[in-house]
Amino acid sequence: MAEDFLHDRLAKVEKLRASGIDPYSRGFQPTHSSASARALIGEAERTEPVSLAGRLMVKRLQGGVVFADLQDGRGRIQLMAGRNIVGDEEFDRFADLDVGDIVGVTGPIFRTRRGEITLEVHSFQLLTKSLRPLPEKWHGLKDVEIRYRQRYVDLIANPEVREVFRARTRVITAIRGLLDERGFIDVETPVLQEVPGGGHARPFMTHHNALDRDLFLRIALELHLKRLLVGGFERVYEIGRVFRNEGLSPRHNPEFTLLESYQAYAGYEDVMQLVEDLVVVSAMAAGRPLEGAYQGESVDLTPPFRRERMADLVLEHTGRHAEGEELNDLFEEHVEPRLRQPTFVLDYPVEISPLARPQAALRAAGNVEAHPMDEDFLRAVEYGLPPCGGLGVGIDRLVMLLTDQPSIRDVILFPVMKPET
RNA sequence: GCCGGCGUAGCUCAGCCUGGUUAGAGCAACGGUCUUUUAAACCGAUGGUCCGGGGUUCGAAUCCCCGCGCCGGCACCA
C-alpha cells in the first residue's frame with residue numbers, strides 16, 4: 001500500500017501517547033545551534049551541557065550505543081546516546097526515534113575516538129514526530145519534480161539548496177543596502193492595476209468583486225515609480241513581484257522578482273555605474289568571485305562592463321548595417337545569444353521601446369496593437385517628470401548567475417507547476 | 001501551443017532495444033544480534049495499480065495509440 005508508512009508511524013504516535021509522552025511537545029529551549037555548539041569545545045575535552053534542537057537525519061545503532069545526526073538551521077552535529085548513560089528506558093525510547101523526527105537534546109559536547117565532535121545525550125525530548133520517511137541519506141533527493149513541488153523535502157535533504165536561497169536573500173539585502181545608502185527610498189506600488197503598463201507582456205487578469213471591476217496583475221514597476229518622481233521623490237526603487245502570462249522555461253517563471261529604480265537628473269552613464277555597483281555588491285553577498293563562471297563558462301563581472309551601441313554589435317557579429325526593428329531582430333538572433341560577458345547595449349531603436357511616449361505616438365498614428373494608454377500616467381507626466389535615469393534587473397536571473405544555477409526554478413522557492421496528478 | 005526525451009518500491013536505480021517463470025538491487029522502514037560508529041555492520045522477513053486508459057498478442061514494465069506529469073528545445077518573453 002502506498003501509504004503504509006503512515007500507518008506504522010501513526011501507530012508509534014498512539015503508542016507514545018499511551019505511555020504518556022506527547023509526540024508534539026513544546027517548551028524546549030535550545031541554548032546553542034549545532035555550529036555554536038561545535039565552536040564551544042575548542043581544545044577542551046568536554047564542555048558543560050548544552051541544549052540543541054533539530055531534525056534527526058541519520059541513525060546508526062551500535063548495540064548499547066546509538067549515533068544520530070541532528071540537523072538544524074545551519075548545519076549538523078552528531079549525537080550519541082549510551083544505554084549505560086541514560087538508562088534502559090530512555091535508551092530504548094531514543095533508539096525508537098525515527099529519522100525525520102524533531103528532537104531537543106541536552107548534554108556535553110565531546111570528541112569521539114574518531115575525532116567527531118558529538119553531543120553526549122543526557123536527556124532528550126521528542127518535539128515533533130515525523131510521519132513520512134525522508135529521502136535516502138546517501139543519494140539524497142534527485143527527482144526534480146519532487147524537489148520543486150515539495151521544496152520542504154528538498155530543503156531538508158539537500159543542504160546546498162538552502163545555501164542557494166540564503167545567497168538569494170543576501171543578494172537582495174545587499175542591493176537594498178546599497179540603494180538605501182545612496183538615498184533611494186524603498187517603495188511599494190500596486191500589484192493590482194487597471195492598466196498593466198511599463199512593458200510588453202500579456203498580463204494576468206483578475207476581478208475585484210466589490211467594485212465589479214476587472215483588474216490586472218502588474219507586469220512592471222516603471223509607471224508607478226515614475227509617478228513618484230513626479231511627486232518629488234528623487235530616488236526611488238522597488239523590489240517586487242511582477243507577473244507575465246507567458247510560457248515557462250529555464251529562464252522564465254510567470255511570477256518573478258524585478259528590481260527597478262529611478263533617479264532624477266541621472267544620465268545613463270550614472271545608471272550604468274549604479275548597475276555595476278549593484279552587481280559587485282550582489283556578487284560579494286553571494287560569495288561569488290567577480291572572475292567566476294556560469295555553467296562552465298567563465299563570466300567576469302569586474303567593472304567597467306563593456307558598453308556598445310546595438311548597431312555596432314550587430315555590425316560586429318553579422319557585418320550588416322541595420323536600424324529600427326530589423327536592427328533589433330538581428331541583435332536578438334545573432335548577438336544576444338553570443339554575449340557572455342556583462343555588456344551594456346546602448347541606443348536601442350526607439351521603435352521597440354515600451355515607453356509611453358513612442359507608444360502613444362504609434363497609437364495616435366493608428367497602430368492599435370501598441371500598448372493601451374495609462375491616462376493617469378500621462379496626466380502625471382503632464383505635471384512634469386524630471387529627467388531621470390532608471391534600471392530594471394531581474395533578480396531571479398541575477399541570482400542564477402551568481403549561484404551558478406541552471407534553471408530559474410532553482411532560485412525560486414516554489415516555482416509554478418502544473419497541477420499534480 | 002508545437003517537437004523530442006523521460007515516468008519501475010518511501011528514496012536512488014537496473015530490467016524495456018531483442019515481449020515469456022511469482023518484476024530485481026541498494027538505502028529507508030520492520031524483527032533479531034552487536035557499547036565509540038561515519039553513505040554502506042551481520043542475519044531474517046517485508047514492501048510494486050511498473051504514471052493512467054485503451055490496443056496488439058497465447059502472454060505486455062517491455063510493442064502500438066491516447067491522456068497526464070516532469071525535463072529540454074522552439075514559440076511568447078525578461
Item to check | B:G19 and B:C2, which share atom name C1', separated by this distance in whole Å | outcome: 33 Å
Checklist entry - In whole Å, what separates the C1' atom of B:C63 from that of B:G20? => result 14 Å
Checklist entry - Partner of B:C50 by Watson-Crick or G-U wobble geometry, both contacts under 3.5 Å, or none? => result none
Checklist entry - CZ/A:Arg55 to CD/A:Gln71 distance, rounded to the nearest 0.5 angstrom? => result 8.0 Å
Checklist outcome for this item: Side-chain atoms of A:Met417 come closest, of B:G10, B:G69, B:C70, to B:C70
Checklist entry - What's the closest nucleotide to the A:Glu136 side chain, out of B:U37, B:A78, B:U12? => result B:U12
Next on the checklist: Measuring from the side chain of A:Ser407 (C-beta onward, heavy atoms only), which nucleotide among B:C70, B:U38, B:G72 has the closest atom?
Outcome noted: B:G72
Next on the checklist: Side-chain N or O of A:Arg202 versus OP1/OP2 of B:A75: is the shortest distance under 4.0 Å?
Outcome noted: no
Checklist entry - Cationic tip of A:Arg93 within the cone over A:Phe124's six-membered ring, i.e. under 6.0 Å and within 45° of the normal? => result yes
Checklist outcome for this item: With the side chain defined as heavy atoms from C-beta on, A:Glu246 is closest, among B:C30, B:C76, B:C70, to B:C76
Checklist entry - C1' atom, B:C3 versus B:G48: distance in rounded Å? => result 33 Å
Checklist entry - Stacking check: are the rings of A:Phe256 and B:A78 less than 5.5 Å apart at their centres and under 30 degrees in tilt? => result yes
Checklist entry - Just checking A:Arg149: base, sugar-phosphate only, or nothing, at a heavy-atom cut-off of under 4.0 Å? => result sugar-phosphate
Checklist outcome for this item: Scanning all shown strands, the Watson-Crick or wobble mate of B:C74 with both distances under 3.5 Å is B:G1
Next on the checklist: Tell me whether the side-chain N/O atoms of A:Arg409 come closer than 4.0 Å to OP1 or OP2 in B:C71.
Outcome noted: yes
Checklist outcome for this item: 5'-most contact on RNA chain B (nearest-nucleotide basis), A:Trp138 vs A:Ile85, goes to A:Ile85
Next on the checklist: Would you say A:Lys418 places a side-chain N or O within less than 4.0 Å of OP1 or OP2 belonging to B:G69?
Outcome noted: yes
Checklist entry - When you match A:Leu248 and A:Glu116 each to their closest nucleotide on RNA chain B, which lands nearer the 5' end? => result A:Glu116
Checklist entry - Under 4.0 angstrom, heavy atoms only, what part of the nucleic acid is A:Ile146 near: base, sugar-phosphate, or nothing? => result sugar-phosphate
Checklist entry - Taking atom CZ of A:Arg307 as the centre, does the number of heavy atoms from other residues, nucleotides or ligands within less than 6.0 Å exceed 12? => result yes
Checklist entry - With sugar-phosphate meaning primed atoms plus P, OP1 and OP2, does A:Arg111 contact a base, only sugar-phosphate, or nothing at under 4.0 Å between heavy atoms? => result nothing
Next on the checklist: Counting only heavy atoms not in A:Phe233 (residues, nucleotides, ligands), do more than 12 fall under 6.0 Å from its CZ?
Outcome noted: no
Next on the checklist: I'd like to check A:Phe256 versus A:Arg397 (side-chain heavy atoms, cut-off strictly below 4.5 Å). Are they in contact?
Outcome noted: no
Next on the checklist: With a 4.0 Å limit, can you tell me whether A:Lys142 has a side-chain N or O closer than that to the phosphate oxygens OP1/OP2 of B:C11?
Outcome noted: no
Checklist entry - A:Arg114 side chain N/O closer than 4.0 Å to the phosphate oxygens (OP1, OP2) of B:U36? => result no
Next on the checklist: Would you say A:Lys12 places a side-chain N or O within less than 4.0 Å of OP1 or OP2 belonging to B:C30?
Outcome noted: yes
Checklist entry - Expressed in whole Å, how much space separates the C1' atoms belonging to B:C16 and B:G24? => result 14 Å
Checklist entry - Contact class for A:Gly247 (heavy atom, under 4.0 Å): base, sugar-phosphate, or nothing? => result base
Checklist entry - Which is true for A:Asp396 with a 4.0 Å heavy-atom rule: it touches a base, it touches only sugar-phosphate, or it touches nothing? => result nothing
Checklist entry - Less than 4.0 Å between a side-chain N and a carboxylate O, is that true for A:Arg83 and A:Asp92? => result yes
Checklist entry - Considering only B:U37, B:A28, B:C71, which nucleotide approaches the side chain of A:Thr118 most closely? => result B:U37
Next on the checklist: Only pairs with both distances under 3.5 Å count, Watson-Crick or wobble alike; so what is the partner of B:C6 in this structure?
Outcome noted: B:G69
Next on the checklist: Heavy atoms from C-beta onward define the side chain here; which of B:G72, B:U37, B:G69 lies closest to that of A:Pro250?
Outcome noted: B:G72
Checklist entry - Is NZ or CZ of A:Arg151 both nearer than 6.0 Å to the six-membered ring centre of A:Phe414 and within 45° of the ring axis? => result no
Checklist entry - Considering only side-chain heavy atoms of A:Arg60, which listed nucleotide, B:A78, B:U36, B:U38, is closest? => result B:U38
Next on the checklist: For a quick check of understanding: with a heavy-atom distance under 4.0 Å over all strands, which category does A:Gly140 fall into, base, sugar-phosphate or nothing?
Outcome noted: sugar-phosphate
Item to check | From B:U36, B:A78, B:A40, nucleotide with atom closest to A:Ile408 side chain | outcome: B:A78
Checklist outcome for this item: Considering only heavy side-chain atoms of A:Phe67, the closest of B:A78, B:U36, B:C11 is B:U36
Checklist entry - Checking all strands, does A:Asn253 fall into the base, sugar-phosphate, or nothing category for heavy-atom contacts under 4.0 angstrom? => result base
Checklist outcome for this item: Closest of B:U35, B:A29, B:A40 to the A:Val65 side chain is B:U35
